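Please read the structure below before turning to the comments.
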Amino acid sequence: MNDLFEKIYALARAIPFGKVTTYGQLGAMVGLSDMRHVGDAMNACPDDVPWQRVINARGAISLGGATGSKQRARLEEEGVVFDENGRVDFAEVGWIPNGEWLEANGYKQPPPLVKEIRGNKGNDAAQLSLF
DNA sequence: CTGATGACGAGCG
DNA sequence: CCGCTCGCCATCA
């Protein structure tokens, strides 16, 4: 277990109820280039980490099987809505971390959460403003 | 020690 | 939208 994992966990714990973020986002904030480790961290996360609020860049759950359906169920309990494609609307539930909080805790400013979802260049979900 | 694997993402076709 | 490659590294067989 290293500091990087702890940093990731701390960020994950900061995600508000009913909001979600992406692996890439967390990775960027802790200075990671290989986002696989974010997944690794979640895989080994303590019980007090709301790992269900971390999904992939496409706005979908990356897991299959029981764990995946459990994640979706837990998110839906928080009011997160999934479309028919199994994706959430970042404009609705995307977590916009507070810049001051990030700086105060030694994290980097993340790039905009919603880039261009493949084939869905900046319409609906791309309207996230950084404030 | 070596090699395969993976809760991922960007870039390209 | 789909599929493939590569990056980059902890973990496991």
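Chain A is the first sequence line, chain B the second, and so forth, proteins listed ahead of strands; every chain is numbered from 1. The shown structure was predicted, so the numbers you read here are calculated from the model rather than taken from an experiment.
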How are the rings of A:Trp101 and A:Trp95 set to each other: parallel, tilted or perpendicular (split at 30° and 60°)?
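Ring orientation of A:Trp101 relative to A:Trp95: perpendicular.
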Under 3.5 Å, is there a donor-acceptor pair between the side chain of A:Tyr107 and the main chain of A:Leu26?
no
Check: A:Gln52 side chain, A:Gln71 main-chain N or O, donor-acceptor pair, under 3.5 Å
no
How close or far is atom [atom2] of [N] from atom [atom1] of [X], stated in whole angstroms?
{"X": "A:Tyr23", "N": "B:dG6", "atom1": "OH", "atom2": "P", "answer": "15 Å"}
{"X": "A:Arg58", "N": "B:dA7", "atom1": "CZ", "atom2": "P", "answer": "13 Å"}
{"X": "A:Ile8", "N": "B:dC8", "atom1": "CD1", "atom2": "P", "answer": "13 Å"}
{"X": "A:Glu84", "N": "C:dC1", "atom1": "CD", "atom2": "P", "answer": "13 Å"}

Looking at every strand, decide which applies to A:Asn43 at a 4.0 Å heavy-atom threshold: base, sugar-phosphate, or nothing.
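The residue A:Asn43 makes base contact.
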Of the options C:dC1, B:dA7, B:dA10, whose atoms approach the side-chain atoms of A:Trp51 most closely?
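Of the options given, the side chain of A:Trp51 lies nearest B:dA7.
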Is there a side-chain contact between A:Arg53 and A:Thr21, using heavy atoms and a 4.5 Å cut-off?
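SC-SC contact between A:Arg53 and A:Thr21 ruled out.
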Hey, what do you get for CE (A:Met29) to CD1 (A:Ile8), rounding to the nearest 0.5 Å?
10.0 Å
Close N or O pairs between protein and nucleotides 7-10 of chain C (under 3.5 Å):
{"from": "C:dG7", "atom 1": "O6", "to": "A:Arg36", "atom 2": "NH1", "distance (Å)": "3.2"}
{"from": "C:dG7", "atom 1": "O6", "to": "A:Arg36", "atom 2": "NH2", "distance (Å)": "2.4"}
{"from": "C:dC8", "atom 1": "O2", "to": "A:Asp34", "atom 2": "OD2", "distance (Å)": "2.5"}
{"from": "C:dC9", "atom 1": "O4'", "to": "A:His37", "atom 2": "NE2", "distance (Å)": "2.5"}
{"from": "C:dC9", "atom 1": "O2", "to": "A:His37", "atom 2": "NE2", "distance (Å)": "3.4"}

Contacts of type salt bridge (charged side-chain N to carboxylate O under 4.0 Å, His left out), residue A:Arg74, not counting sequence neighbours:
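A:Arg74: no salt bridge (charged side-chain N to carboxylate O under 4.0 Å, His left out) contacts found.
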